[in-house]
Amino acid sequence: MEKRRKIAIGMAAGAVWAVAVLVGAAIFVQLPVFALMPTIMTAFLAPGLVTIAMVGRLAQRRFFDDAIIDGEAFSGAAAIDQRVLSNTVEQLVLAMAVWPAAAVLLGAEGPGVILVLGVAFAVARLAFWFGYHRAPPLRAFGFAATFYPTVLVALWALWRVVI
């Protein structure tokens with residue numbers, strides 16, 4: 001039960017992170033509305049760079065491990081990295097499906113919010129990656145800190161449409 005409690009704390013910290021990211025972006029990052037399109041096009045750069053690092057790390061592991069160099073299934077730390085990469089791609093697909101529309105629907109806050117979402121995504125994915133290797137609560141934080149901002153910005157954008 002102790003492990004579940006620690007994981008729940010990590011998830012709760014991820015929820016706090018999500019709210020802080022969105023509120024902080026809306027209040028402190030003011031970009032002109034005409035920057036919306038360039039911002040949407042560049043918001044995924046930081047997540048893309050983290051994904052490149054993950055793919056590169058897996059390639060390095062495969063190249064230097066005789067047990068998997070010929071394409072065998074990953075094991076050990078390489079299997080963890082593969083799971084992290086897989087989850088990161090899943091999270092990135094969600095972000096790519098939600099963030100651009102949310103940025104448009106949020107109006108004046110949109111450009112700043114999507115820019116901050118991209119940077120926060122990269123930081124959270126690194127925490128997830130590190131946590132997957134080191135500690136379940138860090139993994140839980142990294143997952144929640146990536147997933148919850150996307151969910152919250154979707155809800156915020158939908159709220160804007162309704163109101």
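Index from 1, following the sequence.
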Heavy-atom side-chain contact between [X] and [Y] under 4.5 Å:
X	Y	answer
V119	V21	no
M11	F141	no
L94	F147	yes
N87	R83	no
R57	Q82	no
W129	D81	yes
F121	L92	yes
V113	W156	yes

message: Between T146 and G142 (side chain of the first, backbone of the second, donor and acceptor by atom type, cut-off under 3.5 Å), is there such a pair?
response: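 Yes: the side chain of T146 pairs with the backbone of G142.
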
- prompt: Hey, is the main chain of E72 close enough, under 3.5 Å, to the side chain of R62 for a donor-acceptor pair?
  reply: yes

Of the non-hydrogen atoms in [X] and [Y], which two are nearest, and what is the gap between them?
X	Y	result
L58	A78	CD2-O, 3.4 Å
P111	T39	O-CG2, 3.2 Å
G112	A25	O-CB, 4.0 Å
G118	A46	O-CB, 3.8 Å
L117	P149	CD2-CB, 3.7 Å
W99	A43	CZ3-O, 4.4 Å

- prompt: Applying the side chain to side chain contact (heavy atoms under 4.5 Å, CB included) test to H133, which of V84, I80, L138 qualifies?
  reply: I80

Single hit among V93, V151, T150 for side chain to side chain contact (heavy atoms under 4.5 Å, CB included) with V98: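 Checked V93, V151, T150 against V98; only one passes side chain to side chain contact (heavy atoms under 4.5 Å, CB included): T150.
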
message: Is the terminal nitrogen or CZ of R139 (NZ for Lys, CZ for Arg) located under 6.0 angstrom from the six-membered ring centre of F128 and within 45° of that ring's axis?
response: no

In terms of hydrophobic clusters joined by side-chain contacts under 4.5 Å, are [X] and [Y] together?
X	Y	answer
V161	L22	no
V153	I27	yes
L106	M96	yes
I9	Y132	no
F64	F74	no

Spatial distance of atom [atom1] ([X]) from atom [atom2] ([Y]) [nearest 0.5 Å]:
X	Y	atom1	atom2	value
R125	L85	CZ	CG	10.0 Å
I114	L36	CD1	CG	7.5 Å
D65	D70	CG	CG	10.5 Å
T51	F44	OG1	CZ	11.0 Å

- request: Mind running side-chain contact (heavy atoms from CB on, under 4.5 Å) on I40 and V104 for me, showing each step along the way?
  value: CA-CA 9 Å; I40 288 173; V104 171; 4.2 Å; yes

- request: For the pair E109 and R160, evaluate side-chain contact (heavy atoms from CB on, under 4.5 Å) and give the outcome as yes or no after the intermediate values.
  value: CA-CA 11 Å; E109 291 96 355; R160 282 282 177 92; 3.0 Å; yes

